[in-house]
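We number each residue from 1, following the sequence as shown. Atom set for the values below is all heavy atoms of this structure, side chains included, hydrogens, waters and symmetry mates excluded.
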Amino acid sequence: MILASTDVDGKTNEITRFQPLRDQIGDLRDTVITADALHCRREHVGYPAERGAHWILTVKGNQPSLHSQLAGLPWRAVPDATRDTDRGHGRREIRTLKVLTLSTGIDFPHAAQALQIRRRRRHLDQPKRFTTETVYAIIDLRVHQAKPVQLATWIRDHWSIETRSTGCGT
(Lines give C-alpha, C1' and ligand atoms only; values in the text may rest on other atoms or scores of the structure.)
Protein backbone atom coordinates (compact mmCIF):
# COMPACT_ATOMS: atom_id res chain seq x y z
CA MET A 1 0.00 0.00 0.00
CA ILE A 2 1.29 3.46 -0.80
CA LEU A 3 0.79 5.62 2.30
CA ALA A 4 2.28 8.87 0.96
CA SER A 5 3.82 10.34 -2.16
CA THR A 6 5.52 13.56 -3.16
CA ASP A 7 6.70 15.25 -6.32
CA VAL A 8 10.41 15.73 -6.86
CA ASP A 9 11.08 18.87 -8.85
CA GLY A 10 14.24 19.80 -10.74
CA LYS A 11 15.63 21.80 -7.79
CA THR A 12 16.04 18.76 -5.50
CA ASN A 13 16.17 14.94 -5.65
CA GLU A 14 14.56 11.89 -4.07
CA ILE A 15 17.12 11.71 -1.27
CA THR A 16 16.25 15.13 0.13
CA ARG A 17 12.50 14.40 -0.15
CA PHE A 18 12.63 11.08 1.74
CA GLN A 19 12.19 12.36 5.31
CA PRO A 20 9.53 14.96 4.44
CA LEU A 21 7.64 12.18 2.66
CA ARG A 22 7.72 10.00 5.77
CA ASP A 23 6.60 12.98 7.86
CA GLN A 24 3.29 12.92 5.93
CA ILE A 25 2.41 9.68 7.73
CA GLY A 26 1.23 10.12 11.31
CA ASP A 27 1.90 6.77 12.95
CA LEU A 28 4.70 4.60 11.60
CA ARG A 29 4.77 2.09 14.47
CA ASP A 30 5.08 -1.49 13.22
CA THR A 31 5.19 -0.30 9.60
CA VAL A 32 7.77 -1.78 7.24
CA ILE A 33 9.20 0.83 4.89
CA THR A 34 10.55 -0.53 1.63
CA ALA A 35 12.89 1.59 -0.43
CA ASP A 36 15.03 1.14 -3.50
CA ALA A 37 18.81 1.30 -3.58
CA LEU A 38 18.94 5.08 -3.83
CA HIS A 39 17.70 5.26 -0.22
CA CYS A 40 20.14 2.68 1.13
CA ARG A 41 21.84 5.36 3.22
CA ARG A 42 22.90 5.21 6.86
CA GLU A 43 21.17 8.52 7.62
CA HIS A 44 17.84 7.12 6.38
CA VAL A 45 17.56 4.24 8.89
CA GLY A 46 17.66 6.10 12.21
CA TYR A 47 14.47 8.03 11.51
CA PRO A 48 12.20 4.99 11.03
CA ALA A 49 13.62 3.42 14.20
CA GLU A 50 12.83 6.60 16.16
CA ARG A 51 9.24 6.37 14.92
CA GLY A 52 8.83 2.64 15.67
CA ALA A 53 9.03 1.55 12.03
CA HIS A 54 11.19 -1.05 10.30
CA TRP A 55 12.82 -1.10 6.87
CA ILE A 56 13.98 -3.21 3.94
CA LEU A 57 16.56 -1.62 1.65
CA THR A 58 17.81 -2.87 -1.68
CA VAL A 59 21.60 -2.69 -1.99
CA LYS A 60 23.21 -1.96 -5.36
CA GLY A 61 26.26 -0.24 -6.80
CA ASN A 62 25.68 3.08 -5.03
CA GLN A 63 26.90 1.31 -1.88
CA PRO A 64 29.87 -0.62 -3.33
CA SER A 65 31.44 -1.65 -0.02
CA LEU A 66 28.14 -2.88 1.44
CA HIS A 67 27.22 -4.61 -1.83
CA SER A 68 30.60 -6.38 -1.83
CA GLN A 69 30.14 -7.46 1.79
CA LEU A 70 26.72 -8.92 0.99
CA ALA A 71 27.89 -10.65 -2.19
CA GLY A 72 30.78 -12.18 -0.22
CA LEU A 73 28.53 -13.92 2.31
CA PRO A 74 28.42 -17.75 2.08
CA TRP A 75 25.25 -17.87 -0.03
CA ARG A 76 26.10 -21.23 -1.66
CA ALA A 77 25.75 -22.89 1.74
CA VAL A 78 22.34 -21.28 2.36
CA PRO A 79 19.24 -23.15 1.20
CA ASP A 80 16.43 -21.32 -0.58
CA ALA A 81 13.97 -19.96 1.98
CA THR A 82 11.28 -19.36 -0.64
CA ARG A 83 10.82 -20.16 -4.31
CA ASP A 84 8.12 -18.67 -6.51
CA THR A 85 7.31 -19.20 -10.18
CA ASP A 86 5.28 -16.79 -12.27
CA ARG A 87 4.03 -16.68 -15.86
CA GLY A 88 2.84 -13.55 -17.54
CA HIS A 89 3.70 -10.84 -20.03
CA GLY A 90 5.13 -13.49 -22.37
CA ARG A 91 7.73 -14.71 -19.92
CA ARG A 92 8.37 -17.13 -17.09
CA GLU A 93 10.09 -15.95 -13.92
CA ILE A 94 11.52 -17.98 -11.06
CA ARG A 95 12.35 -16.06 -7.88
CA THR A 96 14.29 -17.48 -4.97
CA LEU A 97 15.05 -15.86 -1.64
CA LYS A 98 17.88 -16.75 0.73
CA VAL A 99 18.15 -15.20 4.19
CA LEU A 100 21.11 -14.91 6.55
CA THR A 101 21.07 -13.57 10.09
CA LEU A 102 23.75 -10.94 10.54
CA SER A 103 25.73 -10.87 13.74
CA THR A 104 28.88 -9.03 12.63
CA GLY A 105 30.71 -8.05 9.50
CA ILE A 106 28.15 -5.87 7.74
CA ASP A 107 28.88 -2.18 8.03
CA PHE A 108 25.34 -0.82 8.20
CA PRO A 109 23.49 0.28 11.35
CA HIS A 110 20.62 -1.87 12.60
CA ALA A 111 20.91 -4.45 9.77
CA ALA A 112 19.74 -7.75 11.29
CA GLN A 113 19.32 -9.94 8.19
CA ALA A 114 20.77 -10.09 4.70
CA LEU A 115 18.68 -11.22 1.75
CA GLN A 116 19.69 -12.60 -1.62
CA ILE A 117 16.98 -12.45 -4.24
CA ARG A 118 17.65 -14.28 -7.48
CA ARG A 119 15.33 -13.75 -10.44
CA ARG A 120 15.62 -16.05 -13.44
CA ARG A 121 13.58 -15.00 -16.47
CA ARG A 122 12.98 -16.35 -19.91
CA HIS A 123 10.72 -15.28 -22.70
CA LEU A 124 8.29 -18.05 -23.57
CA ASP A 125 9.28 -17.87 -27.23
CA GLN A 126 12.94 -18.52 -26.25
CA PRO A 127 12.68 -21.61 -24.04
CA LYS A 128 16.39 -22.18 -23.48
CA ARG A 129 17.49 -18.61 -22.76
CA PHE A 130 17.29 -17.63 -19.12
CA THR A 131 18.68 -14.37 -17.78
CA THR A 132 19.58 -14.23 -14.11
CA GLU A 133 19.62 -11.19 -11.86
CA THR A 134 20.87 -11.32 -8.27
CA VAL A 135 19.82 -8.55 -5.91
CA TYR A 136 20.78 -8.06 -2.28
CA ALA A 137 18.81 -6.38 0.48
CA ILE A 138 19.08 -5.75 4.19
CA ILE A 139 16.39 -5.52 6.84
CA ASP A 140 16.33 -4.48 10.46
CA LEU A 141 13.81 -7.16 11.51
CA ARG A 142 15.12 -10.36 13.08
CA VAL A 143 14.21 -13.85 11.92
CA HIS A 144 11.45 -14.28 14.55
CA GLN A 145 9.86 -10.98 13.43
CA ALA A 146 9.61 -11.67 9.69
CA LYS A 147 9.37 -15.05 8.02
CA PRO A 148 10.85 -15.60 4.54
CA VAL A 149 7.46 -15.70 2.82
CA GLN A 150 6.62 -12.27 4.30
CA LEU A 151 10.03 -10.89 3.25
CA ALA A 152 9.49 -12.13 -0.30
CA THR A 153 6.01 -10.57 -0.36
CA TRP A 154 7.26 -7.18 0.84
CA ILE A 155 10.02 -7.15 -1.78
CA ARG A 156 7.69 -8.26 -4.56
CA ASP A 157 5.08 -5.68 -3.53
CA HIS A 158 7.72 -2.93 -3.55
CA TRP A 159 8.80 -3.88 -7.08
CA SER A 160 5.16 -3.99 -8.13
CA ILE A 161 4.49 -0.49 -6.77
CA GLU A 162 7.67 0.80 -8.40
CA THR A 163 6.68 -0.71 -11.72
CA ARG A 164 3.19 0.78 -11.59
CA SER A 165 4.33 4.25 -10.56
CA THR A 166 7.38 4.63 -12.81
CA GLY A 167 6.86 2.09 -15.55
CA CYS A 168 10.06 0.24 -14.66
CA GLY A 169 10.89 -2.25 -11.94
CA THR A 170 14.44 -2.12 -10.70
Subject >> Residue pair I139, H54: steps toward the side chain to side chain contact (heavy atoms under 4.5 Å, CB included) verdict >> reply: CA-CA 8 Å; I139 184 170; H54 300 282; 5.8 Å; no
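- Within the structure, the salt bridge (charged side-chain N to carboxylate O under 4.0 Å, His left out) test picks out the following pairs touching residues 75-85 (sequence neighbours left out): D84-R95.
- Within the model, atoms OH of Y136 and CD of Q69 stand 12.5 Å from one another, a figure rounded to the nearest 0.5 Å.
- With hydrogens and angles ignored, the 3.5 Å screen pairs a side-chain donor or acceptor of K98 with a backbone N or O of V78.
- R129 contributes atom CZ, which lies 10.0 Å from atom CG of D125 (distance to the nearest 0.5 angstrom).
- Once rounded to the nearest 0.5 Å, the distance linking OG1 of T82 with NZ of K147 reads 13.5 Å.
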Original post:
Is there a side chain to side chain contact (heavy atoms under 4.5 Å, CB included) between I117 and T96 once you walk through the steps?
Top reply: CA-CA 6 Å; I117 305 104; T96 58; over 6 Å; no
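- To the nearest 0.5 Å, atoms CG (D140) and CD1 (I56) are separated by 9.0 Å.
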**OP:** May I have the step-by-step check of side chain to side chain contact (heavy atoms under 4.5 Å, CB included) for L151 and L97, ending in yes or no?
**Re:** CA-CA 9 Å; L151 296 171; L97 172 74; 4.0 Å; yes
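- One N or O on the side chain of Q113 and one on the backbone of L141 form a donor-acceptor pair closer than 3.5 Å.
- Applying the 4.5 Å side-chain rule to ILVMFWY residues, one finds that V143 remains a lone member of its cluster.
- For T85, the side-chain contact (heavy atoms from CB on, under 4.5 Å) partners two or more places apart in sequence, or in a different chain, are R92, I94.
- Here the CG-CG distance, from L73 to L102, works out to 6.5 Å after rounding to the nearest 0.5 Å.
- When atom types are taken as modelled, the side chain of W75 and the backbone of L70 share a donor-acceptor pair closer than 3.5 angstrom.
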**OP:** Test R91 against D86 for side chain to side chain contact (heavy atoms under 4.5 Å, CB included), laying out the working first.
**Re:** CA-CA 8 Å; R91 67 179 182 227; D86 233 355; over 6 Å; no
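- In this structure the side chain of T134 reaches within 4.5 angstrom of the side chain of Q116, judged on heavy atoms.
- Annotation: side chain to side chain donor-acceptor pair (under 3.5 Å) contacts of S68 (sequence neighbours excluded): none.
- Annotation: side-chain contact (heavy atoms from CB on, under 4.5 Å) contacts of A112 (sequence neighbours excluded): R142.
- Taken to the nearest 0.5 Å, the CZ atom of R121 stands 6.0 Å off from the CD atom of E133.
- When the side chain to side chain donor-acceptor pair (under 3.5 Å) test is applied to H67, no partner is found at least two apart in sequence or on another chain.
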